[in-house]
Student: 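Please read through the structure below; I'll follow up with questions.
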Amino acid sequence: MISKIIASQKITEVEELLDKYDKIVIITHVSPDGDAIGSSLGLYHYLMGLGNDVNIIVPNSFPDFLKWIPGSKNILNYERHPEFAQKLIDEAELIFCLDFNIPKRALHLGTLVETAKGKKILVDHHPDPSDFCDITISHPEISSTSELIFRLICRMGDFEIMSYETATALYTGMMTDTGGFTYNSNNIEIYYIIGELLKKGINKDQIYSNVYHNYTEDRYRMLGYTLSEKMKIYHEYNAALVWLTNEEQSKYNVKKGDTEGFANLPLNIKGIIFAVFIREDNDFIKISFRSQGSFPSNKFASQCYNGGGHLNAAGGEFYGTMEEAIAIFEKGLAMPEFSELLKKNNKILNN
Ligand code: 5GP
Ligand code: MN
């Protein structure tokens, strides 16, 4: 048995809405990752199985390494079909918001949902959710939204009818948000849940391979280039920077998701507990942070770049030049509140 972390009152409220309504839309955050897509598809298959009319809408495209998940072809990209997406949102009686805490994280789709007339349910694990839904199920202590969806389905008494498709999608989200169960994954109940998902017939080894053994030659060569030419180590701060310009990415024909995981690379080096990846996008600069121990990536992201996220994985956007973005990072490292925490964590983790 797993513990009942979602309040019973909230389970009852969700059940009541599901009894009443059957036109449902699921939305998730911009640049959807494995947990965003996994939790959405997991919930999608479950709700479809109950006979509902369900649509998933994402703010923009998602990486190819998630496109094998059953049902992923049915996901509607708002950027490509804004009118149809708008119509579905207008008509939705119930809207699930998964894996984000504030409407802004779903860009324009978030704004549409805020003003939509349907009832809204948030299921998420990012800290400090804003109050934009009728029911807020927010558990930052849980490592993935997919795990929360598993817990929600079980608490509604439906583990027995959970399908192979739901189990596969949820496992993918749990795996990707913990880097293949290498961080944020010390909760023993995660492994109980994996056992339950295996009972549904998931092929966990195949899922790992589908997601992680999926590099194109270009992407793998860019990884080599990045590690050898574009990684700067700040030994005095136990920190590292990786950065790529638009031009460099074009050279390797970068597609959506090709730089996924690059932010984590420097953490493989002994002594590095904080890493940033700064990447030029079309009209802004995307910044990703990863950390170990108690160093708060999210605090650094919010203070230096007005971003946010989790303790060990956070991000933000920057409107300016690459040089300016790097200068802000270096200035942040030197701030006593961060430099002292970096030293403290290094002592704990590396001695
Ligand atoms: P990634 O680096 O994988 O894009 O993002 C890691 C985590 O940081 C995400 O799960 C999300 O919580 C958070 N994050 C990424 N980008 C942003 C952003 O622009 N704003 C905020 N508030 N959080 C972000
Ligand atoms: Mn997540």
Side-chain angles (χ1 to χ4, degrees), residues 26-43 58-63 65-66 96-107 110 122-130 137-151 169-179 181 183-185 190 211 241-244 256-267 274-279 281 283-291 295-319 325 328-329:
I26 300 171
I27 75 156
T28 188
H29 60 77
V30 64
S31 301
D33 58 6
D35 189 30
I37 298 297
S39 58
S40 296
L41 282 169
L43 181 63
V58 291
N60 60 355
S61 62
F62 59 95
F65 64 77
L66 299 171
F96 278 89
C97 299
L98 302 188
D99 202 36
F100 65 98
N101 53 354
I102 46 173
K104 193 184 95 176
R105 290 279 296 141
L107 305 183
L122 177 80
V123 185
D124 179 45
H125 68 138
H126 295 89
D128 309 319
S130 71
I137 298 176
S138 167
H139 288 273
E141 78 281 14
I142 295 299
S143 56
S144 63
T145 299
S146 297
E147 180 181 334
L148 286 171
I149 296 294
F150 178 88
R151 288 172 180 271
L170 295 182
Y171 180 81
T172 306
M174 290 174 63
M175 179 189 80
T176 50
D177 252 23
T178 55
F181 306 102
Y183 50 76
N184 240 342
S185 53
I190 291 175
V211 171
L241 159 75
V242 170
W243 76 106
L244 284 175
K256 189 105 200 154
D258 275 0
T259 53
E260 191 81 28
F262 278 36
N264 297 73
L265 294 171
L267 296 182
F274 184 43
V276 65
F277 173 43
I278 304 184
R279 179 179 63 79
D281 209 305
D283 47 5
F284 67 98
I285 290 185
K286 171 78 185 90
I287 310 184
S288 290
F289 300 97
R290 298 293 184 270
S291 65
F295 186 78
S297 297
N298 47 5
K299 205 169 150 212
F300 193 99
S302 70
Q303 210 157 305
C304 298
Y305 299 93
N306 200 22
H310 309 281
L311 186 76
N312 294 133
E317 286 172 5
F318 179 72
Y319 294 83
I328 291 172
F329 173 66

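Note that ligands are numbered from 1 as they come in the structure, with each ligand's atoms numbered from 1 the same way. Note that the numbering runs from 1 along the sequence shown for the chain. Because only heavy atoms are used, hydrogens play no part in the values below, and waters and symmetry mates are left out as well, while side chains stay in.
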Student: What is the nearest protein non-hydrogen atom to atom 6 (C) of ligand 1, stated with its residue, atom name and distance?
Tutor: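 The closest one turns out to be Arg290 NH1, 3.7 Å.
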Student: Using only atom types and a distance under 3.5 Å, with no angle test, would you say the side chain of Asn60 pairs donor to acceptor with the backbone of Val30?
Tutor: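 Between the backbone of Val30 and the side chain of Asn60 there is no qualifying donor-acceptor contact (under 3.5 Å).
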Student: Please examine the side chains of Phe150 and Tyr171, heavy atoms only from C-beta on, and report whether any two atoms are closer than 4.5 Å.
Tutor: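 Result no, sub-4.5 Å side-chain heavy-atom pair not found.
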Student: Please state whether Ala313 comes within less than 4.0 angstrom of ligand 1, counting heavy atoms only.
Tutor: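 Per 4.0 Å heavy-atom rule, Ala313 contacts ligand 1.
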Student: Distance below 2.8 Å from the Mn ion (ligand 2): how many protein N/O/S atoms qualify?
Tutor: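 Count of protein N, O, S atoms less than 2.8 Å from the Mn ion (ligand 2): 4.
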Student: Report yes if some N/O of Gly315 lies less than 3.5 Å from some N/O of ligand 1; otherwise report no.
Tutor: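 Looking only at distances, the answer is yes, because the N/O contact criterion of under 3.5 Å is met.
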Student: Please answer whether the main-chain N or O of Phe100 pairs with a side-chain N or O of Asp124 as donor and acceptor at a distance below 3.5 Å.
Tutor: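 Yes, because the side chain of Asp124 sits within donor-acceptor range (under 3.5 Å) of the backbone of Phe100.
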Student: Any idea which atoms of ligand 1 are less than 4.0 Å away from a heavy-atom of His126?
Tutor: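 What qualifies from ligand 1 is 10 (O), 11 (C), 12 (O).
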Student: Name all residues meeting the side-chain hydrogen bond (donor to acceptor under 3.5 Å, both in side chains) criterion together with Ser297; count only those two or more places apart in sequence or in a different chain, and write none if there are none.
Tutor: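 Ser297 satisfies side-chain hydrogen bond (donor to acceptor under 3.5 Å, both in side chains) with Ser291 once adjacent residues are dropped.
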Student: Looking only at protein heavy atoms, identify the closest one to atom 11 (C) of ligand 1 and say how far it is in Å.
Tutor: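 Its nearest protein heavy-atom neighbour is Arg105 NH2, 3.4 Å.
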Student: At a 4.0 Å threshold, what atoms of ligand 1 neighbour a non-hydrogen atom of Gly316?
Tutor: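 Counting from 1, the qualifying ligand atoms are 16 (N), 17 (C), 18 (C), 19 (O).
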Student: Sequence neighbours excluded, which residues qualify as side-chain hydrogen bond (donor to acceptor under 3.5 Å, both in side chains) partners of Lys256?
Tutor: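 For Lys256, the residues satisfying side-chain hydrogen bond (donor to acceptor under 3.5 Å, both in side chains) (neighbours in sequence not counted) are Ser31.
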Student: Are the side chains of Ile190 and Ser143 in contact, using a 4.5 Å heavy-atom criterion?
Tutor: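 SC-SC contact between Ser143 and Ile190 confirmed.
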Student: Pick one: which of Phe277, Phe300, Phe318, Trp243 meets ring-ring contact (aromatic ring centres under 6.0 Å, His included) with Phe329?
Tutor: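 Exactly one pass, corresponding to Phe300.
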Student: Just which atoms of ligand 1 are under 4.0 Å from any heavy atom in Ser288?
Tutor: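 Listed by number with element: 1 (P), 2 (O), 4 (O).
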Student: Just which atoms of ligand 1 are under 4.0 Å from any heavy atom in Gly308?
Tutor: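 In order of number, 8 (O), 13 (C), 14 (N), 20 (N), 21 (C), 22 (N), 23 (N), 24 (C).
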Student: Could you tell me if the side chain of Arg279 sits less than 4.5 Å from the side chain of Ile285, heavy atoms only?
Tutor: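 The answer is no; the side chains never approach within 4.5 Å.
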Student: Compute the minimum heavy-atom distance from Lys104 to ligand 1 and say whether it is under 4.0 Å.
Tutor: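 No, Lys104 has no heavy atom closer than 4.0 Å to ligand 1.
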Student: With sequence neighbours excluded, what pairs up with Asn264 under the side-chain hydrogen bond (donor to acceptor under 3.5 Å, both in side chains) test?
Tutor: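 side-chain hydrogen bond (donor to acceptor under 3.5 Å, both in side chains) list for Asn264, sorted by chain: Arg290.
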Student: Can you list the atoms of ligand 1 that are under 4.0 Å from a heavy atom of His310?
Tutor: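 Checking each atom against His310, I get 10 (O), 12 (O).
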Student: Is His125 reaching over with its side chain to a backbone N or O of Ile142, donor-acceptor style, under 3.5 angstrom?
Tutor: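 Pair found, side chain donor or acceptor close to backbone of Ile142.
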Student: Backbone or side chain, does any N or O of Lys286 fall under 3.5 Å from an N or O of ligand 1?
Tutor: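 Between Lys286 and ligand 1, an N or O pair is found under 3.5 Å apart.
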Student: Taking the side chain from Asp35 and the backbone from Ser146, do they hold a donor-acceptor pair closer than 3.5 Å?
Tutor: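 The answer is yes, because a donor-acceptor pair under 3.5 Å joins these two groups.
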